[in-house]
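Each remark here refers to the structure printed beneath this line.
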Amino acid sequence: MSDRPLRLRFAPSPTGFFHVGGARTALYNWALAQREGGTFVLRIEDTDEARNRPEWTHGIIDALAWIGIAADDPHFEGPYFQSHFADAHVAAANQLFEAGLAYYCDLTAEQVQERAKASGKPGYDGYSRDRNLEPGPGRVLRFRVPAGTTVVTDLVRGEVSFDNANTEDFVLLRGNATPMFLLANVVDDVAMRISHVVRAEEHLPNTPKQQMLWEALGEEPPAWAHVPVLVNEQRKKLSKRRDKVAVEQYRAEGYLADAMVNYLMTLGWAPSGETEIVPWSQIVDEFRLEDVTHSPAFFDIKKLSAFNGEYIRKLGVERFIELCAPYLTADDVPWPREQFNPSVFSAMAELVQTRVTRLDQVVAMVDFLFLTDPPIDDDAFAKAMSAPNAIALLGEVIGAYETAEWDHDVLKETLEAVGAGHGLKPGKAQAPVRIAITGRSVGPPLYEPLVLLGREETLRRLRAALERGGGPAA
RNA sequence: GCCCCCAUCGUCUAGUGGCCUAGGACACCACCCUUUCAAGGUGGCGGCACGGGUUCGAAUCCCGUUGGGGGUGCCA
(Lines give C-alpha, C1' and ligand atoms only; values in the text may rest on other atoms or scores of the structure.)
Protein backbone atom coordinates (compact mmCIF):
# COMPACT_ATOMS: atom_id res chain seq x y z
CA MET A 1 0.00 0.00 0.00
CA SER A 2 1.13 3.49 -0.60
CA ASP A 3 0.00 7.01 0.03
CA ARG A 4 -0.46 7.68 -3.63
CA PRO A 5 -3.80 9.04 -4.76
CA LEU A 6 -6.23 6.19 -5.26
CA ARG A 7 -6.13 5.17 -8.89
CA LEU A 8 -7.73 1.93 -9.89
CA ARG A 9 -7.91 0.44 -13.31
CA PHE A 10 -10.06 -1.95 -15.22
CA ALA A 11 -8.19 -3.44 -18.13
CA PRO A 12 -10.29 -5.75 -20.28
CA SER A 13 -9.13 -7.17 -23.55
CA PRO A 14 -11.77 -6.70 -26.21
CA THR A 15 -13.25 -10.05 -27.09
CA GLY A 16 -16.59 -9.13 -28.58
CA PHE A 17 -18.73 -9.17 -25.47
CA PHE A 18 -18.57 -8.18 -21.86
CA HIS A 19 -18.00 -11.01 -19.40
CA VAL A 20 -20.03 -11.06 -16.17
CA GLY A 21 -16.83 -11.79 -14.26
CA GLY A 22 -15.31 -8.69 -15.78
CA ALA A 23 -18.41 -6.76 -14.80
CA ARG A 24 -18.00 -7.78 -11.19
CA THR A 25 -14.33 -6.84 -11.15
CA ALA A 26 -15.19 -3.49 -12.70
CA LEU A 27 -17.89 -2.95 -10.08
CA TYR A 28 -15.47 -3.69 -7.25
CA ASN A 29 -13.08 -1.11 -8.66
CA TRP A 30 -15.88 1.35 -9.23
CA ALA A 31 -17.29 1.09 -5.71
CA LEU A 32 -13.86 1.83 -4.28
CA ALA A 33 -13.21 4.73 -6.62
CA GLN A 34 -16.55 6.27 -5.73
CA ARG A 35 -16.23 6.05 -2.00
CA GLU A 36 -12.61 7.07 -1.72
CA GLY A 37 -12.81 9.79 -4.31
CA GLY A 38 -10.42 7.84 -6.46
CA THR A 39 -10.18 7.38 -10.18
CA PHE A 40 -11.34 4.44 -12.24
CA VAL A 41 -9.16 4.13 -15.31
CA LEU A 42 -10.45 2.14 -18.25
CA ARG A 43 -7.71 0.72 -20.39
CA ILE A 44 -8.48 -1.50 -23.33
CA GLU A 45 -5.76 -4.13 -23.65
CA ASP A 46 -5.81 -4.48 -27.37
CA THR A 47 -2.26 -5.64 -27.99
CA ASP A 48 -3.32 -8.94 -29.42
CA GLU A 49 -3.89 -7.66 -32.90
CA ALA A 50 -5.50 -10.88 -34.05
CA ARG A 51 -8.54 -10.25 -31.93
CA ASN A 52 -9.33 -6.63 -31.74
CA ARG A 53 -12.12 -4.66 -33.31
CA PRO A 54 -13.09 -1.05 -32.73
CA GLU A 55 -16.77 -1.84 -32.26
CA TRP A 56 -15.91 -4.16 -29.37
CA THR A 57 -14.59 -1.20 -27.47
CA HIS A 58 -17.93 0.52 -27.85
CA GLY A 59 -19.53 -2.63 -26.56
CA ILE A 60 -17.42 -2.51 -23.41
CA ILE A 61 -18.13 1.15 -22.78
CA ASP A 62 -21.80 0.60 -23.40
CA ALA A 63 -21.97 -2.36 -21.06
CA LEU A 64 -20.06 -0.48 -18.37
CA ALA A 65 -22.48 2.41 -18.69
CA TRP A 66 -25.37 0.01 -18.32
CA ILE A 67 -24.09 -1.20 -14.94
CA GLY A 68 -23.64 2.38 -13.84
CA ILE A 69 -20.01 2.96 -14.70
CA ALA A 70 -20.48 6.02 -16.82
CA ALA A 71 -17.71 7.47 -18.93
CA ASP A 72 -18.83 11.00 -18.09
CA ASP A 73 -18.64 10.46 -14.35
CA PRO A 74 -15.84 12.45 -12.69
CA HIS A 75 -14.39 9.25 -11.25
CA PHE A 76 -14.00 7.79 -14.71
CA GLU A 77 -10.89 8.19 -16.83
CA GLY A 78 -10.27 6.83 -20.28
CA PRO A 79 -10.63 4.81 -22.29
CA TYR A 80 -6.99 4.36 -23.08
CA PHE A 81 -5.75 1.88 -25.59
CA GLN A 82 -2.77 -0.24 -24.75
CA SER A 83 -1.80 -0.47 -28.38
CA HIS A 84 -1.13 3.28 -28.38
CA PHE A 85 1.63 2.87 -25.84
CA ALA A 86 3.67 0.27 -27.68
CA ASP A 87 6.62 2.65 -27.93
CA ALA A 88 6.69 3.11 -24.18
CA HIS A 89 6.59 -0.64 -23.68
CA VAL A 90 9.55 -1.14 -25.98
CA ALA A 91 11.42 1.74 -24.37
CA ALA A 92 10.96 0.16 -20.97
CA ALA A 93 12.18 -3.13 -22.35
CA ASN A 94 15.28 -1.43 -23.71
CA GLN A 95 15.84 0.25 -20.38
CA LEU A 96 15.77 -3.14 -18.70
CA PHE A 97 18.12 -4.57 -21.31
CA GLU A 98 20.59 -1.69 -20.96
CA ALA A 99 20.55 -2.11 -17.20
CA GLY A 100 21.37 -5.78 -17.57
CA LEU A 101 18.03 -6.77 -16.05
CA ALA A 102 16.92 -8.47 -19.24
CA TYR A 103 18.72 -10.35 -21.98
CA TYR A 104 18.12 -11.63 -25.47
CA CYS A 105 17.68 -15.26 -26.36
CA ASP A 106 17.63 -16.88 -29.79
CA LEU A 107 15.91 -20.10 -28.85
CA THR A 108 12.60 -20.74 -30.56
CA ALA A 109 9.57 -21.75 -28.55
CA GLU A 110 10.03 -25.30 -29.83
CA GLN A 111 13.65 -25.40 -28.76
CA VAL A 112 12.74 -24.17 -25.31
CA GLN A 113 10.23 -26.97 -25.05
CA GLU A 114 12.72 -29.57 -26.20
CA ARG A 115 15.26 -28.45 -23.65
CA ALA A 116 12.64 -28.54 -20.92
CA LYS A 117 11.63 -32.02 -21.95
CA ALA A 118 15.22 -33.21 -22.04
CA SER A 119 16.07 -31.79 -18.63
CA GLY A 120 12.78 -32.81 -17.06
CA LYS A 121 12.34 -29.32 -15.69
CA PRO A 122 9.44 -27.32 -17.01
CA GLY A 123 9.84 -23.86 -18.48
CA TYR A 124 12.76 -21.92 -19.85
CA ASP A 125 16.09 -22.87 -18.30
CA GLY A 126 17.98 -19.60 -18.62
CA TYR A 127 20.03 -20.88 -21.56
CA SER A 128 21.02 -17.42 -22.84
CA ARG A 129 21.44 -15.69 -19.50
CA ASP A 130 25.16 -15.19 -19.92
CA ARG A 131 25.52 -15.33 -23.67
CA ASN A 132 25.35 -11.55 -24.05
CA LEU A 133 23.28 -11.69 -27.21
CA GLU A 134 22.45 -8.47 -29.00
CA PRO A 135 18.92 -7.77 -30.20
CA GLY A 136 18.08 -9.29 -33.52
CA PRO A 137 15.24 -10.72 -35.58
CA GLY A 138 13.67 -13.73 -33.96
CA ARG A 139 15.35 -13.05 -30.66
CA VAL A 140 13.13 -12.57 -27.63
CA LEU A 141 13.97 -10.36 -24.70
CA ARG A 142 13.71 -12.18 -21.40
CA PHE A 143 13.58 -10.82 -17.90
CA ARG A 144 16.47 -11.89 -15.70
CA VAL A 145 14.59 -13.16 -12.66
CA PRO A 146 16.73 -12.52 -9.60
CA ALA A 147 17.37 -15.09 -6.91
CA GLY A 148 15.32 -14.83 -3.76
CA THR A 149 11.70 -14.70 -2.80
CA THR A 150 8.96 -12.39 -3.99
CA VAL A 151 6.33 -11.56 -1.44
CA VAL A 152 3.10 -10.22 -2.81
CA THR A 153 1.01 -8.31 -0.34
CA ASP A 154 -2.56 -8.84 -1.35
CA LEU A 155 -5.48 -6.96 0.18
CA VAL A 156 -7.78 -9.93 0.03
CA ARG A 157 -5.32 -12.77 0.56
CA GLY A 158 -2.64 -11.39 2.80
CA GLU A 159 1.01 -12.12 2.06
CA VAL A 160 1.69 -14.67 -0.62
CA SER A 161 5.29 -15.62 -1.18
CA PHE A 162 6.83 -17.09 -4.27
CA ASP A 163 10.27 -18.63 -4.55
CA ASN A 164 11.87 -16.95 -7.55
CA ALA A 165 13.51 -20.26 -8.40
CA ASN A 166 10.08 -21.32 -9.62
CA THR A 167 9.73 -18.34 -11.90
CA GLU A 168 11.37 -18.74 -15.28
CA ASP A 169 13.00 -15.88 -17.15
CA PHE A 170 9.81 -14.80 -18.86
CA VAL A 171 9.50 -13.07 -22.20
CA LEU A 172 9.21 -9.29 -22.36
CA LEU A 173 9.55 -8.73 -26.10
CA ARG A 174 8.58 -11.24 -28.76
CA GLY A 175 10.88 -12.22 -31.59
CA ASN A 176 9.24 -9.53 -33.69
CA ALA A 177 10.04 -6.96 -30.99
CA THR A 178 6.44 -6.47 -29.89
CA PRO A 179 5.73 -6.30 -26.14
CA MET A 180 4.08 -9.06 -24.15
CA PHE A 181 1.13 -8.61 -21.84
CA LEU A 182 3.08 -8.80 -18.61
CA LEU A 183 5.36 -5.95 -19.65
CA ALA A 184 2.75 -3.77 -21.33
CA ASN A 185 0.44 -4.14 -18.39
CA VAL A 186 3.05 -3.04 -15.89
CA VAL A 187 4.43 -0.20 -17.99
CA ASP A 188 0.93 1.19 -18.45
CA ASP A 189 0.09 0.83 -14.77
CA VAL A 190 3.26 2.68 -13.92
CA ALA A 191 2.59 5.41 -16.45
CA MET A 192 -0.99 5.81 -15.28
CA ARG A 193 0.14 5.94 -11.66
CA ILE A 194 -2.10 3.06 -10.70
CA SER A 195 -2.14 2.60 -6.93
CA HIS A 196 -4.36 -0.48 -6.64
CA VAL A 197 -4.60 -3.42 -8.98
CA VAL A 198 -7.89 -5.17 -8.28
CA ARG A 199 -8.42 -8.09 -10.62
CA ALA A 200 -9.47 -11.72 -10.79
CA GLU A 201 -7.56 -14.43 -9.00
CA GLU A 202 -6.38 -16.02 -12.20
CA HIS A 203 -3.79 -13.25 -12.34
CA LEU A 204 -2.27 -14.10 -8.97
CA PRO A 205 0.42 -16.35 -10.49
CA ASN A 206 1.45 -13.43 -12.73
CA THR A 207 1.80 -11.07 -9.85
CA PRO A 208 5.31 -11.94 -8.65
CA LYS A 209 6.55 -11.41 -12.20
CA GLN A 210 4.82 -8.08 -12.45
CA GLN A 211 6.00 -6.98 -9.06
CA MET A 212 9.59 -7.76 -10.07
CA LEU A 213 9.03 -5.67 -13.15
CA TRP A 214 7.76 -2.74 -11.11
CA GLU A 215 10.84 -2.99 -8.94
CA ALA A 216 13.21 -3.39 -11.89
CA LEU A 217 11.70 -0.24 -13.33
CA GLY A 218 12.54 1.52 -10.10
CA GLU A 219 8.94 1.85 -8.96
CA GLU A 220 7.12 0.99 -5.81
CA PRO A 221 4.60 -1.75 -6.65
CA PRO A 222 0.90 -1.03 -6.24
CA ALA A 223 -1.39 -2.63 -3.71
CA TRP A 224 -2.65 -5.88 -5.15
CA ALA A 225 -6.04 -7.46 -4.64
CA HIS A 226 -7.03 -10.73 -6.26
CA VAL A 227 -10.69 -11.51 -6.05
CA PRO A 228 -12.01 -15.04 -6.47
CA VAL A 229 -13.17 -16.15 -9.87
CA LEU A 230 -16.77 -16.84 -10.82
CA VAL A 231 -17.49 -20.47 -11.58
CA ASN A 232 -20.21 -22.57 -13.17
CA GLU A 233 -22.12 -25.43 -11.64
CA GLN A 234 -19.15 -27.72 -12.27
CA ARG A 235 -17.03 -25.31 -10.26
CA LYS A 236 -14.95 -24.39 -13.27
CA LYS A 237 -14.07 -20.86 -14.19
CA LEU A 238 -16.90 -19.38 -16.25
CA SER A 239 -16.05 -19.89 -19.88
CA LYS A 240 -17.32 -18.22 -22.98
CA ARG A 241 -17.72 -21.58 -24.67
CA ARG A 242 -19.85 -23.42 -22.15
CA ASP A 243 -21.47 -20.79 -20.01
CA LYS A 244 -23.75 -17.84 -20.52
CA VAL A 245 -21.35 -15.06 -19.62
CA ALA A 246 -22.25 -12.10 -21.83
CA VAL A 247 -23.63 -9.16 -19.93
CA GLU A 248 -25.26 -8.01 -23.16
CA GLN A 249 -27.29 -11.19 -23.31
CA TYR A 250 -28.63 -10.82 -19.80
CA ARG A 251 -29.50 -7.26 -20.61
CA ALA A 252 -31.34 -8.30 -23.75
CA GLU A 253 -33.34 -10.88 -21.84
CA GLY A 254 -34.64 -8.24 -19.53
CA TYR A 255 -32.46 -8.41 -16.48
CA LEU A 256 -32.43 -5.01 -14.84
CA ALA A 257 -29.08 -3.33 -14.42
CA ASP A 258 -29.72 -2.68 -10.73
CA ALA A 259 -30.51 -6.32 -10.13
CA MET A 260 -27.45 -7.48 -12.04
CA VAL A 261 -25.21 -5.07 -10.18
CA ASN A 262 -26.66 -6.01 -6.81
CA TYR A 263 -26.37 -9.72 -7.52
CA LEU A 264 -22.84 -9.48 -8.84
CA MET A 265 -21.74 -7.64 -5.72
CA THR A 266 -23.03 -10.45 -3.49
CA LEU A 267 -20.71 -12.92 -5.17
CA GLY A 268 -17.70 -12.93 -2.88
CA TRP A 269 -19.02 -10.26 -0.60
CA ALA A 270 -22.13 -9.41 1.40
CA PRO A 271 -23.64 -6.17 2.59
CA SER A 272 -24.41 -5.79 6.29
CA GLY A 273 -27.88 -6.55 7.57
CA GLU A 274 -30.36 -9.30 6.96
CA THR A 275 -31.06 -8.60 3.34
CA GLU A 276 -28.88 -8.86 0.28
CA ILE A 277 -31.08 -6.58 -1.76
CA VAL A 278 -29.49 -3.23 -1.13
CA PRO A 279 -29.06 0.00 -3.07
CA TRP A 280 -25.78 0.81 -4.75
CA SER A 281 -25.25 3.68 -2.32
CA GLN A 282 -25.07 1.22 0.56
CA ILE A 283 -22.69 -0.97 -1.38
CA VAL A 284 -20.42 1.97 -2.00
CA ASP A 285 -20.50 2.80 1.71
CA GLU A 286 -19.74 -0.70 2.87
CA PHE A 287 -17.65 -2.48 0.28
CA ARG A 288 -14.13 -3.29 1.40
CA LEU A 289 -11.59 -5.49 -0.34
CA GLU A 290 -10.60 -6.91 3.03
CA ASP A 291 -14.07 -8.42 3.32
CA VAL A 292 -14.04 -10.20 -0.01
CA THR A 293 -14.32 -13.98 0.27
CA HIS A 294 -11.37 -16.17 -0.69
CA SER A 295 -13.14 -18.92 -2.54
CA PRO A 296 -14.75 -19.07 -5.97
CA ALA A 297 -18.44 -18.25 -6.26
CA PHE A 298 -21.01 -20.01 -8.38
CA PHE A 299 -22.80 -17.65 -10.73
CA ASP A 300 -26.36 -18.79 -10.10
CA ILE A 301 -28.82 -17.62 -12.71
CA LYS A 302 -31.71 -18.77 -10.54
CA LYS A 303 -30.69 -16.44 -7.79
CA LEU A 304 -30.01 -13.66 -10.26
CA SER A 305 -33.57 -14.16 -11.52
CA ALA A 306 -34.92 -13.99 -8.00
CA PHE A 307 -33.12 -10.70 -7.52
CA ASN A 308 -34.43 -9.52 -10.84
CA GLY A 309 -38.01 -10.45 -9.99
CA GLU A 310 -37.72 -8.47 -6.81
CA TYR A 311 -36.34 -5.45 -8.63
CA ILE A 312 -39.08 -5.69 -11.25
CA ARG A 313 -41.75 -5.74 -8.56
CA LYS A 314 -40.24 -2.69 -6.92
CA LEU A 315 -40.63 -0.70 -10.11
CA GLY A 316 -43.43 1.83 -10.34
CA VAL A 317 -46.00 0.51 -12.78
CA GLU A 318 -45.36 3.37 -15.21
CA ARG A 319 -41.67 2.57 -15.24
CA PHE A 320 -42.44 -1.10 -15.69
CA ILE A 321 -44.60 -0.33 -18.72
CA GLU A 322 -41.85 1.82 -20.14
CA LEU A 323 -39.25 -0.89 -19.73
CA CYS A 324 -41.51 -3.50 -21.30
CA ALA A 325 -42.13 -1.46 -24.42
CA PRO A 326 -39.10 -2.66 -26.37
CA TYR A 327 -40.10 -6.28 -25.84
CA LEU A 328 -43.69 -5.65 -26.88
CA THR A 329 -42.78 -3.80 -30.03
CA ALA A 330 -39.84 -5.92 -31.12
CA ASP A 331 -39.68 -7.42 -34.59
CA ASP A 332 -40.15 -10.94 -33.32
CA VAL A 333 -43.33 -10.53 -31.30
CA PRO A 334 -45.74 -13.42 -31.93
CA TRP A 335 -48.71 -11.22 -32.83
CA PRO A 336 -49.28 -9.07 -35.93
CA ARG A 337 -47.62 -5.84 -34.91
CA GLU A 338 -50.58 -3.67 -35.83
CA GLN A 339 -52.74 -5.57 -33.37
CA PHE A 340 -50.69 -4.49 -30.40
CA ASN A 341 -52.55 -2.05 -28.20
CA PRO A 342 -50.45 -0.18 -25.63
CA SER A 343 -53.39 0.79 -23.51
CA VAL A 344 -54.50 -2.80 -23.24
CA PHE A 345 -51.05 -3.71 -22.02
CA SER A 346 -51.05 -0.82 -19.59
CA ALA A 347 -54.30 -2.07 -18.15
CA MET A 348 -52.70 -5.48 -17.62
CA ALA A 349 -49.28 -4.30 -16.54
CA GLU A 350 -49.81 -4.45 -12.81
CA LEU A 351 -51.01 -8.03 -13.06
CA VAL A 352 -48.08 -9.01 -15.22
CA GLN A 353 -45.50 -7.33 -13.05
CA THR A 354 -45.67 -9.83 -10.20
CA ARG A 355 -45.53 -12.74 -12.60
CA VAL A 356 -42.26 -12.25 -14.44
CA THR A 357 -38.66 -12.45 -13.38
CA ARG A 358 -37.37 -11.17 -16.70
CA LEU A 359 -38.77 -8.45 -18.88
CA ASP A 360 -38.80 -10.64 -21.99
CA GLN A 361 -41.33 -12.89 -20.27
CA VAL A 362 -44.05 -10.25 -20.56
CA VAL A 363 -44.64 -11.16 -24.18
CA ALA A 364 -45.86 -14.66 -23.39
CA MET A 365 -47.87 -13.23 -20.52
CA VAL A 366 -50.10 -11.07 -22.72
CA ASP A 367 -49.77 -12.53 -26.20
CA PHE A 368 -53.36 -13.86 -26.20
CA LEU A 369 -54.65 -10.30 -26.00
CA PHE A 370 -53.09 -9.35 -29.30
CA LEU A 371 -53.36 -12.61 -31.18
CA THR A 372 -56.52 -13.28 -33.11
CA ASP A 373 -56.39 -16.97 -32.38
CA PRO A 374 -53.86 -17.70 -29.67
CA PRO A 375 -52.26 -21.11 -30.09
CA ILE A 376 -53.90 -23.64 -27.84
CA ASP A 377 -51.93 -25.97 -25.63
CA ASP A 378 -53.46 -29.30 -26.69
CA ASP A 379 -52.75 -31.18 -23.50
CA ALA A 380 -54.04 -28.39 -21.32
CA PHE A 381 -57.13 -28.07 -23.51
CA ALA A 382 -57.86 -31.77 -23.40
CA LYS A 383 -57.46 -31.82 -19.68
CA ALA A 384 -59.68 -28.82 -19.06
CA MET A 385 -62.41 -30.05 -21.37
CA SER A 386 -62.44 -33.58 -20.10
CA ALA A 387 -63.38 -32.39 -16.65
CA PRO A 388 -66.94 -33.31 -15.76
CA ASN A 389 -69.43 -30.76 -16.98
CA ALA A 390 -66.77 -28.68 -18.69
CA ILE A 391 -68.61 -28.61 -22.01
CA ALA A 392 -71.94 -27.94 -20.42
CA LEU A 393 -70.43 -25.22 -18.32
CA LEU A 394 -68.90 -23.56 -21.34
CA GLY A 395 -72.25 -23.58 -23.08
CA GLU A 396 -73.97 -22.01 -20.14
CA VAL A 397 -71.29 -19.38 -19.71
CA ILE A 398 -71.71 -18.41 -23.32
CA GLY A 399 -75.39 -18.04 -22.81
CA ALA A 400 -74.97 -15.95 -19.71
CA TYR A 401 -72.26 -13.77 -21.20
CA GLU A 402 -74.41 -12.95 -24.20
CA THR A 403 -76.46 -10.66 -22.03
CA ALA A 404 -74.46 -10.04 -18.88
CA GLU A 405 -73.26 -6.58 -18.04
CA TRP A 406 -69.68 -6.40 -19.29
CA ASP A 407 -68.10 -5.69 -15.97
CA HIS A 408 -65.29 -7.41 -14.08
CA ASP A 409 -67.31 -8.29 -10.99
CA VAL A 410 -70.40 -9.29 -12.92
CA LEU A 411 -68.36 -11.52 -15.19
CA LYS A 412 -66.73 -13.15 -12.21
CA GLU A 413 -69.99 -13.69 -10.33
CA THR A 414 -71.74 -14.98 -13.41
CA LEU A 415 -69.07 -17.55 -14.16
CA GLU A 416 -68.86 -18.62 -10.54
CA ALA A 417 -72.63 -19.01 -10.36
CA VAL A 418 -72.61 -21.24 -13.42
CA GLY A 419 -69.80 -23.26 -11.86
CA ALA A 420 -71.63 -23.55 -8.58
CA GLY A 421 -74.58 -24.93 -10.51
CA HIS A 422 -72.35 -27.84 -11.48
CA GLY A 423 -70.89 -28.15 -8.03
CA LEU A 424 -67.63 -26.56 -9.12
CA LYS A 425 -65.48 -24.29 -7.05
CA PRO A 426 -64.37 -21.05 -8.67
CA GLY A 427 -60.92 -22.44 -9.44
CA LYS A 428 -62.33 -25.35 -11.38
CA ALA A 429 -65.06 -23.36 -13.03
CA GLN A 430 -62.73 -20.87 -14.64
CA ALA A 431 -60.41 -23.49 -16.14
CA PRO A 432 -62.30 -24.17 -19.41
CA VAL A 433 -62.89 -20.47 -19.92
CA ARG A 434 -59.27 -19.68 -19.30
CA ILE A 435 -58.04 -22.17 -21.85
CA ALA A 436 -60.62 -20.95 -24.34
CA ILE A 437 -59.53 -17.36 -23.97
CA THR A 438 -55.78 -17.66 -23.48
CA GLY A 439 -54.90 -21.07 -24.90
CA ARG A 440 -53.17 -21.97 -21.67
CA SER A 441 -54.04 -23.31 -18.24
CA VAL A 442 -52.02 -20.69 -16.41
CA GLY A 443 -51.63 -16.98 -16.83
CA PRO A 444 -52.66 -13.67 -15.40
CA PRO A 445 -56.05 -13.25 -13.73
CA LEU A 446 -58.94 -13.95 -16.07
CA TYR A 447 -61.59 -11.30 -15.76
CA GLU A 448 -59.49 -8.25 -16.55
CA PRO A 449 -58.60 -9.73 -19.95
CA LEU A 450 -62.25 -10.54 -20.58
CA VAL A 451 -63.17 -6.92 -19.99
CA LEU A 452 -60.38 -5.79 -22.29
CA LEU A 453 -61.24 -8.26 -25.02
CA GLY A 454 -64.90 -7.28 -25.02
CA ARG A 455 -68.06 -9.29 -25.29
CA GLU A 456 -67.85 -10.13 -28.94
CA GLU A 457 -64.31 -11.43 -28.94
CA THR A 458 -64.83 -13.29 -25.69
CA LEU A 459 -67.90 -15.05 -27.06
CA ARG A 460 -66.12 -15.85 -30.31
CA ARG A 461 -63.30 -17.59 -28.44
CA LEU A 462 -65.68 -19.35 -26.09
CA ARG A 463 -67.75 -20.68 -29.02
CA ALA A 464 -64.65 -21.79 -30.86
CA ALA A 465 -63.51 -23.72 -27.83
CA LEU A 466 -66.91 -25.29 -27.39
CA GLU A 467 -66.87 -26.47 -30.96
CA ARG A 468 -63.32 -27.72 -30.70
CA GLY A 469 -64.26 -29.56 -27.54
CA GLY A 470 -67.01 -31.36 -29.37
CA GLY A 471 -69.90 -29.52 -27.80
CA PRO A 472 -73.04 -28.39 -29.61
CA ALA A 473 -72.59 -25.33 -31.77
CA ALA A 474 -73.75 -22.47 -29.62
C1' G B 1 4.39 -32.98 -12.72
C1' C B 2 5.54 -28.16 -10.52
C1' C B 3 3.87 -23.35 -8.28
C1' C B 4 -0.06 -20.77 -5.92
C1' C B 5 -4.94 -20.15 -3.83
C1' C B 6 -9.17 -22.07 -1.31
C1' A B 7 -12.60 -25.10 2.13
C1' U B 8 -19.66 -22.75 6.93
C1' C B 9 -26.66 -25.54 4.68
C1' G B 10 -27.52 -27.94 -2.56
C1' U B 11 -26.00 -22.50 -3.83
C1' C B 12 -24.41 -17.21 -2.34
C1' U B 13 -22.97 -15.72 2.31
C1' A B 14 -22.83 -13.76 8.12
C1' G B 15 -19.27 -15.26 11.58
C1' U B 16 -12.33 -12.42 13.04
C1' G B 17 -11.69 -17.47 20.47
C1' G B 18 -16.96 -17.28 24.65
C1' C B 19 -22.95 -13.47 22.26
C1' C B 20 -23.37 -20.17 17.87
C1' U B 21 -28.57 -24.55 20.25
C1' A B 22 -24.12 -21.36 13.71
C1' G B 23 -27.81 -16.09 11.38
C1' G B 24 -29.75 -14.43 6.46
C1' A B 25 -30.76 -15.02 1.11
C1' C B 26 -31.81 -18.30 -3.33
C1' A B 27 -33.65 -23.13 -4.24
C1' C B 28 -36.81 -26.96 -2.20
C1' C B 29 -41.19 -28.66 0.94
C1' A B 30 -45.75 -27.56 3.78
C1' C B 31 -49.57 -24.39 5.29
C1' C B 32 -52.32 -19.65 4.83
C1' C B 33 -54.26 -16.22 1.25
C1' U B 34 -56.44 -17.11 -3.60
C1' U B 35 -60.47 -17.45 -10.12
C1' U B 36 -55.24 -20.50 -12.56
C1' C B 37 -50.25 -18.98 -12.00
C1' A B 38 -47.58 -15.65 -9.41
C1' A B 39 -46.83 -12.19 -5.49
C1' G B 40 -47.34 -11.91 -0.16
C1' G B 41 -47.43 -14.26 4.88
C1' U B 42 -46.06 -18.32 8.28
C1' G B 43 -43.33 -22.59 9.19
C1' G B 44 -39.91 -26.52 7.74
C1' C B 45 -35.66 -29.14 5.56
C1' G B 46 -30.48 -28.36 5.49
C1' G B 47 -24.00 -26.76 6.99
C1' C B 48 -18.77 -25.52 10.16
C1' A B 49 -14.68 -31.60 4.82
C1' C B 50 -11.62 -35.00 8.02
C1' G B 51 -7.71 -35.91 11.79
C1' G B 52 -4.52 -33.97 15.23
C1' G B 53 -3.01 -30.02 18.31
C1' U B 54 -3.16 -24.86 21.18
C1' U B 55 -6.82 -23.07 24.91
C1' C B 56 -10.79 -23.08 30.70
C1' G B 57 -13.26 -22.56 25.87
C1' A B 58 -12.53 -23.18 18.62
C1' A B 59 -16.60 -22.59 12.77
C1' U B 60 -12.95 -18.99 14.28
C1' C B 61 -5.62 -20.01 15.81
C1' C B 62 -1.58 -23.92 14.26
C1' C B 63 -0.16 -28.59 11.67
C1' G B 64 -1.44 -32.56 8.57
C1' U B 65 -4.86 -35.22 5.31
C1' U B 66 -8.50 -35.10 1.75
C1' G B 67 -11.12 -32.45 -1.72
C1' G B 68 -11.79 -28.31 -5.10
C1' G B 69 -9.86 -24.25 -8.02
C1' G B 70 -6.25 -21.16 -10.63
C1' G B 71 -1.60 -20.88 -13.17
C1' U B 72 2.18 -23.16 -15.70
C1' G B 73 2.46 -19.47 -24.03
C1' C B 74 7.00 -15.54 -28.42
C1' C B 75 -2.32 -15.28 -25.27
C1' A B 76 -4.40 -11.51 -22.29
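All chains are named by letter (A, B, ...) in the order of the sequence lines, taking the proteins before the strands, and each is independently numbered beginning at 1.
Within 4.0 Å of A:P444, counting heavy atoms only, lies at least one base atom of the nucleic acid. Nucleic acid contact class of A:V140 (heavy atoms, under 4.0 Å, all strands): base. Contact annotation for A:F162: backbone-only contact, meaning every heavy-atom pair under 4.0 Å involves sugar-phosphate atoms and none involves a base. As judged by a 4.0 angstrom heavy-atom cut-off over every strand, A:K425 is placed among residues making no nucleic acid contact. Within the 4.0 angstrom heavy-atom criterion, base atoms lie near A:L107. Counting any heavy atom pair closer than 4.0 Å across all strands shown, A:R434 reaches a base atom. Counting any heavy atom pair closer than 4.0 Å across all strands shown, A:K121 reaches no nucleic acid atom. Backbone-only contact: A:A270 has heavy atoms under 4.0 Å from sugar-phosphate atoms and none from a base. At the heavy-atom level, A:G419 lies nowhere under 4.0 Å from the strands shown. Here A:K412 lies in heavy-atom contact (under 4.0 Å) with a base. Within the nucleic acid shown, A:R440 has no heavy atom closer than 4.0 Å to any nucleic acid atom.
Of the candidates B:U35, B:C4, B:U36, the closest approach to any side-chain atom of A:E448 belongs to B:U35. Listed nucleotides: B:C6, B:C74, B:U36. Nearest to the side chain of A:H294: B:C6.
Look at OH on A:Y263: it is 16 Å from P on B:A25, rounded to the nearest Å. The separation between A:R288 atom CZ and B:U16 atom P is 13 Å, rounded to whole Å. Rounded to an integer number of Å, the gap from A:L238 CG to B:G68 P is 20 Å. Spacing between atom NE2 of A:H203 and atom C1' of B:C75 amounts to 11 Å, rounded to whole angstrom units. Between A:E202 atom CD and B:A76 atom P there is a gap of 14 Å when expressed in whole angstrom units. Between A:I437 atom CD1 and B:U35 atom C1' there is a gap of 14 Å when expressed in whole angstrom units. Rounded to an integer number of Å, the gap from A:E274 CD to B:G15 P is 12 Å. If you measure from atom CG of A:N206 to atom P of B:G71, you get 10 Å, rounded to the nearest angstrom.
When each of A:F307 and A:C105 is assigned the nucleotide of RNA chain B with its nearest heavy atom, A:F307 is the one assigned upstream, toward the 5' end.
Scanning all heavy atoms of the two residues, the minimum distance from A:I312 to A:Q353 falls at O-NE2, 2.8 Å.
A salt bridge between A:K412 and A:D409 is absent, with no side-chain N of the basic residue lying under 4.0 Å from a carboxylate O of the acidic one.
Ring-plane geometry between A:W224 and A:H226 is classed as parallel, the angle between the planes falling under 30 degrees on a 0 to 90 degree scale with a further cut at 60.
Between B:G70 and A:R157, no contact under 4.0 Å exists linking OP1 or OP2 to a side-chain N or O.
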